[in-house]
Each structure stands twice: as C-alpha cells, then as structure tokens.
Asks: 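Input: one structure, supplied below.
Treat the numbers as computed from the prediction; the structure is a model and nothing was measured. Hydrogens, waters and symmetry mates are skipped; everything else that's a heavy atom, side chains included, is used. Whatever order the structure lists ligands and atoms in, that order sets their numbers, starting from 1.
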Amino acid sequence: MKLKEIYTNNKNFPLISFEVFPPKSDDKKLIEEIKVLKQYTPQFISLTYGAGGKGNKSFELLNIIRNLGINVVPHFTCITSSKKSVNERLIKIEKSGIENILALRGDIPTCESDRHFDFNYANELVAFIKDKTNLSIGVAGYPEGHIESPDLHSDILNLKKKVNAGADVIFTQLFFDNKKFYNYTEILREKGINLPVIAGIMPIISKNQLQKMTSMARVTIPNIINEKAEKYADDPISLRDFGIDYATEQCLDLIKNNVEGLHFFTLNKSYSTAKILDNIKGVR
Ligand code: FAD
C-alpha cells in the first residue's frame, strides 16, 4: 500500500513502522529480528540506503522483507548519483512492485570527487521521482533544524520545497524532547504544510549509539539522558532499560497529543522497540 493511503485511509492512529539498515555481515540475524517486530503489525519497514551508494544489498533485502508479508519503504539518496543511475534504480524499484520511497539528499560526502552534481537537494529528487514514477514519496524533516541549516525557519522553508515538489509524508529525525516536535508541527501547519508528520523514535540502547547518533544531528539531549548515560556507563542493561522507559513516556505523550505515526529507528534490534510497544499496547 502507498504511504499516502496508509496515513489518509487509516485513522487508527498512531500507525507503527520500523526502520532497519542493511547489515554489514549476513542478513539472517536481522531477519529474525524482523520476524519479532512483525508481530506488532507495522504498516511498513523502511530500509536505509548508504549515501555513498553502497546499496547493492538493499534490493535483495527489500524483497526478503516483502516475502515476509511486510510492506516496504526503501530510502533513496541522490547526492552521489547521476540522473541516469537514479532513473535506473527507480525503474528497478517500481518494476518490482514497490510502491513507496523515502527521498533523501544524503550527507555530503567528505571526498568531493564522490559527489555528483545532478541533484543538489532532496526537493530536486522528489520532483524527479514525481515526474518519472507513481511512487508515493516520504521526505525527511528535522524538528530542531537540519545540522547544515542556519535556523529552523529556513530549514522549514526548504522542507516546503520538498512538499511542493510532491512529497506525501514527512518522517522526522530522532528527537528526545517532545516539545521540539510539537513546536515543529505547529510551525509546519502555520506555513501551510499539512502532510502527516511521523515521529522518529530512537530507543537508547547504548552510550556509543547515543553519542554516534547525536553527533551527526542537531538533537537536544535532556539532562536526565546525559545523567543516566554517565551513571550506567558500565551497566549497558540498565541503560537499555532506562532507554525503554524514556521512549515509552515519549510515545505515551505523543499519543496523547494525537501523533499520526511512530517510526522506530530499531538499529536492527527488536528488543527495546518490542518492549516499548508492549508498554503502550493498551493506549494505542
Ligand atoms: P535536504 O532536504 O536536501 O536538506 C539538506 C540541507 O539543505 C538542509 O539544511 C536544508 O535546509 C537545505 N536545503 C534543502 N533544500 C534546499 C534548497 N533547494 N536550497 C538551499 N538549501 C536547501 N541518510 C542516508 O545516507 N541514508 C538513509 O537511509 C537516511 N535515512 C534517513 C531517514 C530519516 C527519517 C532522516 C530524518 C534522515 C535520513 N538520512 C539518511 C539522513 C539525511 O540523508 C541527511 O540528514 C542529509 O544531510 C539531508 O538529507 P535531506 O533529504 O533532508 O536533504
């Protein structure tokens, strides 16, 4: 089913979805984790795509997930790609019967020669996809502003370019302070952006992961998270359990505030996401 239909035909909010990434080694472990997550009836699973074009395994994995009876949303980056190769990849995706795509620019490669200048921003990719395919298009949104943008408002004006080019749904970057999400959606509505805004939830599963994910993004880390990350520096189980409790509270508050979708960045592990979904079961 298309993203557009998922969020407009279905009013049983919040709708649940998961993000996974292609593993470096074999896929078996990930497939086992996905089988656990399937019990929570996700609307779809999205699969990340390497900005450097390291996506060869992605297509195979997308088909494995679909064969488990789960709808998929492939992520698709363009900063290192020519129009010709983007077109070829799009044809392959659509021919296979996939109906959706998450259109991204991708991070600017550190090595200038890896960059291609056919697409400079995601809005150009969205327009291209809209022109060439019937795929339903998701785009990224940043509740605290994208890391390269001078401020939230200019980033939102750039988001509007993606919306005007044909995006159907906005998926946010992770955030730990729900107020940032509410403020963001309020500004989007004021600016006339009325698409579904799906909250990106990342359960904290380790100190390394927290540091890595937040170093790449503009994300406020509440004091309580820093305190617990310090306190449980040598106690990964307690930190993981704190992460489950924190994300559970976050989700409960988002549900109370009528969020349309919760998109879990699972980091290829089902445990924390499954616990959070068990915790919010009666409420959603
Ligand atoms: P854009 O929307 O193009 O924005 C990039 C920057 O340029 C922003 O600062 C924006 O304000 C500015 N800008 C946008 N349009 C214009 C314009 N027309 N003129 C001037 N400035 C402009 N990365 C991956 O490599 N693989 C993935 O699978 C992946 N999945 C993601 C999933 C989600 C839900 C999110 C939130 C991010 C994901 N990313 C992924 C990260 C993403 O690729 C980076 O954040 C990247 O730096 C920006 O991508 P974008 O599509 O948001 O770019």
Asks: Does Gly106 have a heavy atom less than 4.0 Å from any atom of ligand 1?
Replies: yes
Asks: Taking distance alone, with no angle check, do Thr172 and ligand 1 share an N/O pair under 3.5 Å?
Replies: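 No; the residue has no nitrogen or oxygen that sits under 3.5 Å from a nitrogen or oxygen of the ligand.
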Asks: Backbone, side chain, both or neither: what part of Thr77 comes under 4.0 angstrom of ligand 1, heavy atoms only?
Replies: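 Answer for Thr77: side chain.
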Asks: Determine, considering heavy atoms only, which of Tyr49, Phe119, Phe21 sits nearest to atom 26 (N) of ligand 1.
Replies: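 It is Tyr49 whose heavy atom sits nearest to atom 26 (N) of ligand 1.
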Asks: Pick, from Ala140, Pro109, Pro22, Ala165, the option with the minimum heavy-atom distance to atom 36 (C) of ligand 1.
Replies: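 It is Ala140 that holds the nearest heavy atom.
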Asks: N/O of Asn120 under 3.5 Å from N/O of ligand 1, yes or no?
Replies: no
Asks: Pairing donors with acceptors under 3.5 angstrom, does anything connect the side chains of Asp114 and Thr80?
Replies: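 No.
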Asks: If hydrophobic clusters are built from ILVMFWY residues whose side chains come within less than 4.5 Å, do Tyr142 and Met213 share one?
Replies: no
Asks: Any donor-acceptor pair under 3.5 Å linking the side chain of Asn257 with the backbone of Asp253?
Replies: yes
Asks: At a 4.0 Å cut-off, with the gap strictly under it, does some heavy atom of Tyr142 reach an atom of ligand 1?
Replies: yes
Asks: Report the C-alpha separation of Tyr232 and Phe242 in whole Å, then their side-chain angles, then the decisive distance to 0.1 Å, and conclude whether the ring pair (Phe, Tyr, Trp, His ring centres under 6.0 Å) test is met.
Replies: CA-CA 9 Å; Tyr232 298 134; Phe242 162 74; 7.2 Å; no
Asks: Report, in ascending order of atom number, the atoms of ligand 1 lying under 4.0 Å from any heavy atom of Ser149.
Replies: 9 (O), 11 (O)
Asks: Could you tell me which atoms of ligand 1, counted from 1 in the order shown, lie closer than 4.0 angstrom to a heavy atom of Thr48?
Replies: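 In order of numbering, the contacting atoms are 28 (O).
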Asks: Please compare Lys162, His263, Arg105, Gln173 and report which has the shortest non-hydrogen distance to atom 2 (O) of ligand 1.
Replies: Lys162
Asks: Over 60° means perpendicular and under 30° means parallel, so classify the ring planes of Tyr7 and Phe44, tilted if in between.
Replies: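 The rings of Phe44 and Tyr7 stand perpendicular, inter-plane angle above 60°.
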Asks: Tyr271 ring centre to Arg240 NZ or CZ under 6.0 Å, with the angle to the axis within 45°?
Replies: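 Geometry flag: set, cation within 6.0 Å and 45°.
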Asks: Taking heavy atoms and a distance under 4.0 Å, where does Val139 meet ligand 1: side chain, backbone, both or neither?
Replies: neither
Asks: If we ignore angles and hydrogens, is there a donor and acceptor under 3.5 Å between the side chains of Thr220 and Glu144?
Replies: yes
Asks: By number and element, which atoms of ligand 1 are closer than 4.0 Å to a non-hydrogen atom of Asp155?
Replies: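 What qualifies from ligand 1 is 8 (C), 9 (O), 10 (C), 11 (O).
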Asks: With a cut-off of 4.0 Å, which atoms of ligand 1 are near a heavy atom of Ala122?
Replies: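 Here the atoms of ligand 1 in question are 1 (P), 2 (O), 3 (O), 51 (O), 53 (O).
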Asks: Show your reasoning for whether salt bridge (Lys or Arg N to Asp or Glu O under 4.0 Å) applies to Glu88 and Lys84.
Replies: CA-CA 6 Å; Glu88 282 164 6; Lys84 185 170 176 284; 3.2 Å; yes
